[in-house]
There are 2 protein chains.
Amino acid sequence: MAKREFNVSKKEKFAEWYNTIIYAADLVDNRYNVQGFVVHKPWAMYSFRALYALFEKELEANGHEPVLFPAVIPEDNFRKEAQHVEGFAPQVFWITQGGAEQLTHPLALRPTSETAFYQMYSKWVQSQSDLPLKFYQSCTVFRYEHETLPFMRGREFMWIEAHDAFASEKEAKDQVKQDIEIGQRVLNEVLGLPLICTERPAWDTFPGAEHTYAYDVLMPDGRVNQVASTHLLGQKFAKTFDIEFKDDKGEAKHAWQTCFGPGIWRIMAALVSVHGDDRGLIFPFAVAPAQVVIVTIPAGDAKEDKKILDYAAQLRDRLALMNIRAVIDNTAKTPGFKFNYWEMRGVPIRMEVGKKEVEKNAVTIARRDTKARAQVPLDALTTYLVETAGAILLELKARAKEDFNKRLKDAKTKEEVKKILEEDKGIARTTFCTTGEEGHACADELAAFAGGAKVRGTLVDKEEKPEKDAKCIVCGKPAKAIVYVAKQY
Amino acid sequence: MAKREFNVSKKEKFAEWYNTIIYAADLVDNRYNVQGFVVHKPWAMYSFRALYALFEKELEANGHEPVLFPAVIPEDNFRKEAQHVEGFAPQVFWITQGGAEQLTHPLALRPTSETAFYQMYSKWVQSQSDLPLKFYQSCTVFRYEHETLPFMRGREFMWIEAHDAFASEKEAKDQVKQDIEIGQRVLNEVLGLPLICTERPAWDTFPGAEHTYAYDVLMPDGRVNQVASTHLLGQKFAKTFDIEFKDDKGEAKHAWQTCFGPGIWRIMAALVSVHGDDRGLIFPFAVAPAQVVIVTIPAGDAKEDKKILDYAAQLRDRLALMNIRAVIDNTAKTPGFKFNYWEMRGVPIRMEVGKKEVEKNAVTIARRDTKARAQVPLDALTTYLVETAGAILLELKARAKEDFNKRLKDAKTKEEVKKILEEDKGIARTTFCTTGEEGHACADELAAFAGGAKVRGTLVDKEEKPEKDAKCIVCGKPAKAIVYVAKQY
């Protein structure tokens, strides 16, 4: 299935580009015979493994511990929180039968696990000393979606969900800040993805949450991809599920809760789309399925070729000792063919090994991002690789940031918003009456005017206030907020 | 929920021991409100992570690559292979509804994934050069079981399933041998579990397989726990699912298949049961949730205690650099209380850090298995730990092997089989007519006579032939096989 050549304009034909590269690079197979479910191939799995590990490490350093809850949730739990069930019910797969027997209580296949975790939290929390609870699980979840696209929206997709409970509102709010920092660190610093983190408007909070904060990555087609979100649940679920503790005065109190969901699938979609180019994928070094490909250049002489292959194998073992994932391509194809193939698959560093390299005890290294090539003596390899891994990240980050900055624009009118979204494929920054519930009508009007434009909310990591006389671009009333508007996936 | 004290005789009251320790050590919580589904707590999760990694590393070194298939399987796929569906149908959870809609085609929640993988293999295999396919997935599977016990039998449990396809029967048979070697290496060499690996009798093969080979660990109550199995599927599934390729003469051939299932849950049950003692769990170093616990011994002076805690933190960081998972217990409980608590939870190495240790730049180390204690200068720590980790494994392995050898006995009659199984809580080695289909009646008779005794099969790693005039202990006909008989979980 994997194709060996690729050349599609990401900018001009993004949908085609995306729908070609995810199969050409052999990340997924969409021919599984249940609509909306895909097979994850090894090339994606190695990268997912690294992505999960990045977040798991951060979450554990932040005091979270791993758990695994059942994939099934009793209908009764699920229906307990009214907003939550209303939000999720249309998307739930229901298990109604076991063997030949009808189940007396249908089971939801988890679309998200609040209602699984929190009934147990009510058992785990008795006194203040049982708090905080900070647990996460790495798993797939299931949603009965009607339009699907691998890594963007699927009937089964990969994520992490962290569910926390605290004795005070302050701790819960602090946790939200920490979640946002974790997201920022991994998404931006390690993966090089530029993004905006906003508090979602009141009408766009997670079902059952008081406040929702989310990261949006701007995709090449101008739509934003929500890659992670964190929710201040307040005490709503705690009251529904009786998560109660005695405080130091012996008074019964409900816990304050948060949940955090790094969307591992969505992050893959962002990595593919933001860093890729017309030649294919470009993985940041940290999450590349193979970080190095060693391509042998035949000398046309069996004895020499054997030496070259041995040299390549030694090189791979040396890289393994440095915890670098390397593959050898010793197939009979031409070097040019092999170069194209591994470029398309996004391997950040290519090492060429031929007669010359063996003689010089060196290796020729080519970067996927800049195409720069250099011959490096083996003695200098470790330093060179560490520096190059960093340089590739900086380059990808700079390119992505430049593109992002070009497409993030101020708008003074609805018309300008529409133009920025549709012509510039960008995000519009504008003045808006309010992100409280009263602003909902203006948001709907803006969406109708500008082809589904969504008010994504107000920035979280930077306080922005409209100027004193600023007006809402929709209703013309005084603007209380500077909001970001974009089309969404 | 976690208890701080534990003292139950594993030998005398195994069921009580097991049913107490898995909760006391906080491995699982069985109060989730769907019967047969449990919540996996962090103490189990850290160990599962290490267990998965051990097998994944071996499988990848053997040429397997990770994939993730959908958790749902269309009813039609599932019903294609007649024996397979007959074997699994009573255990399948069926998804029949999405949102408010009835699904036109019910979906099985995977009980095992042959019928998910192989329909795709038919697409992935066209020519001989597409073979072999060697893929595995780490996942949970679902079975509608009626009697459940955490880690032994559940409605959702953890495992790995590897599915391979080859161009020839020989390669498939070789793969079975390699699977068996992987099992032996991890289960016995790394985890210290003594076991027998047998070819299952004809009447006890996996539904759809030609031959089944499986590992049995003898549990303290005398029942065997099948912790892994590998199946020579032959061409049955390949014919059902059209996994066909053109060989080098251009002839269409069906692939030869194998599948291998390390039962991660079952292996945890074996680790808990075989290595634990009356005081609680004992984890082998390689898969311990925490490999070291650092217990602070207060000096009764705030300034000194601060120094002790700092020293403990430095020690933990030093261990982290050695990739050793360590936790600090600096709670206000007495040292004796803390020692008991971490012994119960099975941490293989305890480090005590008090005033004395800080002054001497040393640490007092106690082994969970032998209770041996020694003061070790920090300079010598690395060497000491490497040696001690190895020594603990050897000790656990030796204890387990001694117990196993005592309970593996020869039987010359049905009565002796019954006695070995019931009084000695052992495995009986005996002479049997045949493990071919004709032996089924004798096996049933033996089961009826000896309280459910099961013929587990003939040894795989050692050829054993009955003596010339040996008779089947049931029918008295000439014995073709030396079989192992045990009660099973």
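Just so we're on the same page: letters track the sequence lines, and every chain starts at 1.
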For A:Glu101, is it the side chain, the backbone, both or neither that has a heavy atom under 4.5 Å from a heavy atom of chain B? side chain

Side chain, backbone, both or neither: which part of A:Ala71 has a non-hydrogen atom closer than 4.5 Å to chain B? both

Atom CG of B:Asn33 and atom CG of A:Asn77: how far apart are they, to the nearest 0.5 Å? 4.0 Å

Name the member of B:Ala116, B:Cys139, B:Ala89 that forms the most heavy-atom pairs with chain A at distances under 4.5 Å. B:Ala116

If I measure from the heavy atoms of chain A, does B:Val92 come under 4.5 Å with its side chain, its backbone, both, or neither? backbone

Mark yes when over 12 heavy atoms from residues, nucleotides or ligands other than B:Gln126 sit less than 6.0 Å from its CD; otherwise mark no. yes

Can you tell me which portion of B:Phe88 sits under 4.5 Å from chain A's heavy atoms? Options are side chain, backbone, both or neither. neither

Between B:Ile95, B:Leu68, B:Val72, which shows the greatest number of heavy-atom pairs under 4.5 Å with chain A? B:Leu68

What part of B:Phe135 gets closer than 4.5 Å to chain A, counting heavy atoms only: side chain, backbone, both or neither? side chain

Residue A:Ile73 versus chain B: region with a heavy atom under 4.5 Å: both

Check each atom of B:Gln119 against the heavy atoms of chain A and say whether the ones under 4.5 Å are side chain, backbone, both or neither. side chain

Heavy atoms under 4.5 Å from chain A: which residues of residues 42-51 of chain B carry them? B:Pro42, B:Met45, B:Tyr46, B:Arg49

Just wondering, are more than 12 heavy atoms of other shown residues or ligands nearer than 6.0 Å to CD in B:Glu244? yes

From CG (B:Asp29) to CE (A:Met120), nearest 0.5 Å: 3.5 Å

Part of B:Pro90 within contact of chain A (heavy atom distance under 4.5 Å): backbone

Would you say A:Glu86 has more than 12 foreign heavy atoms packed within less than 6.0 Å of its CD? no

Heavy-atom contacts under 4.5 Å, residues 146-162 of chain A to chain B: A:His146, A:Glu156, A:Met158

Counting only non-hydrogen atoms closer than 4.5 Å, does B:Glu60 touch chain A with its backbone (N, CA, C, O), its side chain (CB onward), both, or neither? side chain

Heavy-atom pairs under 4.5 Å with chain B - which of A:Phe117, A:Tyr32, A:Phe69, A:Phe93 has more of them than the others? A:Tyr32

I want to check something: taking the side chain as every heavy atom from C-beta on, are B:Pro70 and A:Phe142 in contact at a cut-off of under 4.5 Å? no

